[in-house]
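Just so it is clear, the structure is predicted and the values come from calculations on it, not from any experiment.
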Number of protein chains: 2
Amino acid sequence: MRPTVGIREVAERASVSPGTVSNVLNRPERVAAPTRARVLAAIDELGFVRNGSASTLRAGHSRAVGLMVLDIANPFFTEAARGVEDVISERGYALMLSNSDEDAVKERRNLRMLAEQRVQGLLVTPVDDEAPELLALRERGVSVVLLDRPGARPDQCSVAVDDVAGGRLAVEHLLRLGRRDIAYVSGPPGIRQCDDRREGARRALDGADGARLREFAAEGMNVRGGLDAGQRLLAGRRTPDAVFCANDLLALGVMRALLRAGARVPDDVAVLGYDDIEFAAAAAVPLSSVRQPTYQLGRLGTELLLDECENPDGHAHQQVVFQPELVARDSTG
Amino acid sequence: MRPTVGIREVAERASVSPGTVSNVLNRPERVAAPTRARVLAAIDELGFVRNGSASTLRAGHSRAVGLMVLDIANPFFTEAARGVEDVISERGYALMLSNSDEDAVKERRNLRMLAEQRVQGLLVTPVDDEAPELLALRERGVSVVLLDRPGARPDQCSVAVDDVAGGRLAVEHLLRLGRRDIAYVSGPPGIRQCDDRREGARRALDGADGARLREFAAEGMNVRGGLDAGQRLLAGRRTPDAVFCANDLLALGVMRALLRAGARVPDDVAVLGYDDIEFAAAAAVPLSSVRQPTYQLGRLGTELLLDECENPDGHAHQQVVFQPELVARDSTG
DNA sequence: ACAGCCGATTGATACGTTTTAATCACGGTG
DNA sequence: CACCGTGATTAAAACGTATCAATCGGCTGT
């Protein structure tokens with residue numbers, strides 16, 4: 001392994017001082033064109049690559065941002081992550097990914113890790129909004145943007161989709177189709193998205209006579225959870241005539257349970273999902289869903305974050321709320 | 001923003017030297033129990049968190065590893081990433097994620113970024129096996145493990161699934177069902193997985209009389225690419241009686257195109273995918289597929305990588321090849 | 001010809017940690 | 001009582017970069 005080549009060797013080769021090399025790297029406009037060319041050539045010949053840790057140590061902040069999601073395997077988050085990664089990569093940052101698995105303990109452990117790594121900013125869908133590690137990060141001057149969670153506090157950015165509106169949209173659609181006995185399949189208790197969507201669903205029901213909403217909580221917001229909830233739902237005395245799921249994964253699971261049991265979708269039971277993931281349209285019965293601008297969510301969140309990082313003074317915190325949209329397919333007839 | 005609290009402040013508060021604090025952090029067994037307790041208390045009271053960049057700078061290597069995949073939105077990679085993240089997180093490392101988008105230029109840019117961040121190791125599914133940045137990383141002493149790519153070189157670890165066997169498995173299955181006019185829908189040219197699966201398909205055909213294999217290349221290995229390939233496939237003079245796709249996403253797209261055009265699956269055309277993603281079973285017609293131990297791939301790859309990082313001398317490079325498995329569902333009758 | 005100025009470059013220092021060799025306290029041994 | 005060994009602790013020297021005040025050289029205007 002050859003002796004590491006640093007800014008010093010480059011400087012020597014280009015017959016300039018280390019300071020100049022640093023300037024070429026960080027403020028190229030400050031150095032005269034011919035000098036710059038010489039330095040660049042030396043960098044190339046020596047195969048120099050800047051030592052990020054030294055740079056971070058000296059500058060006091062890194063060129064990395066963290067992204068913490070509830071579940072990397074969930075297409076909703078991967079789609080958002082794609083938006084995040086695109087911006088990050090365009091702007092020359094690095095992305096530290098971590099997964100809380102909807103587990104507050106794991107979340108805290110990972111937050112500490114991100115703090116150690118001195119990330120400059122953090123995009124997070126928190127399990128625990130009030131985690132002390134989260135507050136500590138902000139006190140240390142790390143910008144935090146809430147992802148898919150409406151910002152309660154005016155002193156930070158957030159990007160979210162109006163889940164109450166989404167829930168209302170969904171149930172209004174089902175009511176319009178004449179369904180009256182509606183089941184709501186949610187995730188584990190305590191997840192804000194699920195709560196908001198339920199709230200929207202309830203509001204839609206307010207004006208509707210003779211309609212009722214029953215709730216089934218799945219253990220995880222994935223296909224398996226949906227399958228399980230679907231079975232419980234079929235085991236009841238009366239099968240509902242419509243199911244609204246907090247998630248497309250749940251909906252796919254529920255649909256599978258229904259079809260397996262011989263129920264017809266949508267004739268006997270309408271099924272409605274949430275997120276409009278890529279696979280929704282390819283499902284056994286193409287799945288109606290509530291679409292969110294997921295990729296945009298990731299992109300915009302990251303742009304807000306980087307703006308706050310790069311321009312802390314001129315930055316105005318924003319709480320962005322997108323509106324969801326209903327996509328009707330066969331599963332609701 | 002309060003003056004940063006470092007190892008020095010902790011030392012002062014615990015009435016010890018900075019060196020001792022460092023020892024508490026890195027080799028707790030070397031420091032006497034009462035001292036250790038005092039230091040730990042001070043850390044807690046001051047809310048100290050170790051500065052990773054300083055640590056990395058001094059130690060010469062970080063506690064982060066990189067993961068570069070072809071497409072973060074592809075469930076195959078997210079499933080593998082879950083395996084990676086689980087191990088990383090258990091062992092207290094950080095994960096830097098980047099996405100090459102099957103683009104060699106983006107790949108090189110991201111590799112440079114990872115090199116700057118001084119990742120200690122890298123898991124990668126390369127677009128370009130011979131990218132100079134990749135070789136440069138290894139020369140710098142960064143451990144590299146190839147993910148889902150059989151290792152040609154004996155001097156590095158790799159974890160992969162036998163794609164030739166998978167292709168053969170797939171086409172043998174179709175032949176056994178009496179299909180003779182088989183289409184192979186692959187991704188863009190140059191992707192090793194696709195090439196290997198084609199090779200396996202060809203070998204399966206060797207002994208079969210009157211059977212032929214036609215190829216359709218999709219633009220991207222996603223649902224849209226499959227839809228498009230499906231349309232081209234239908235536009236031909238004779239529609240094949242079976243389609244083997246290099247990917248479940250492609251298969252879902254192809255299936256959708258077929259169903260939309262009124263073809264019956266599997267009666268008119270059998271469809272067979274690859275990867276057995278979670279959604280395969282929930283498809284319009286439950287999709288037969290070739291299953292790979294994807295989560296395990298990520299886990300084992302990471303374990304090999306960390307072993308190589310932590311124990312560079314005693315480490316023996318391994319090229320692990322898993323065997324795929326056919327999962328027959330309705331789409332092949 | 002000279003003061004003054006401006007852009008380009010330099011030199012020195014600090015960032016927070018790890019590590020090595022040196023120091024210290026202390027009890028057992030000859 | 002002097003000596004040595006042992007385990008715990010310390011002091012000091014790096015690691016590679018960014019930054020800032022200082023310097024240099026050339027040019028303008030008087």
Answer yes or no: is there an ion pair linking [X] with [Y], defined by an N-O contact shorter than 4.0 Å?
X        : Y        : value
B/Glu85  : B/Arg82  : no
A/Glu107 : A/Arg112 : no
B/Arg138 : B/Asp155 : yes
A/Glu90  : A/Arg299 : yes
B/Arg192 : B/Asp129 : yes
B/Arg63  : A/Glu116 : no

Quick check on [N]: is either OP1 or OP2 less than 4.0 Å from any side-chain nitrogen or oxygen of [X]?
X       : N      : result
A/Ser55 : D/dA18 : yes
A/Ser53 : D/dG16 : no
A/Arg50 : D/dA18 : yes

May I have the distance from [X] (atom [atom1]) to [N] (atom [atom2]), rounded to whole angstrom?
X        : N      : atom1 : atom2 : result
A/Glu12  : D/dT17 : CD    : P     : 14 Å
B/Glu116 : D/dA18 : CD    : P     : 9 Å
B/His61  : D/dC15 : NE2   : C1'   : 12 Å
A/Ile43  : D/dT17 : CD1   : C1'   : 13 Å
A/Asn26  : D/dC20 : CG    : P     : 12 Å

Any base atoms under 4.0 Å from [X], or only sugar-phosphate, or nothing? Heavy atoms, all strands.
X       : answer
B/Ala59 : nothing
A/Gly6  : sugar-phosphate
A/Val21 : nothing
A/Arg36 : nothing
B/Val16 : sugar-phosphate
B/Ser22 : base

- Query: First and last nucleotide of DNA chain C touching chain B, 5' to 3', heavy-atom cut-off 4.0 Å?
  - Reply: C/dG16 to C/dT19

- Picking from D/dC15, D/dT10, D/dT17, which would you name as closest to the side chain of B/Arg58?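 Taking heavy atoms from C-beta onward, the closest nucleotide is D/dC15.
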
- Item | Under the side-chain contact (heavy atoms from CB on, under 4.5 Å) test, residues paired with B/Ala59 that sit two or more places apart | B/His61

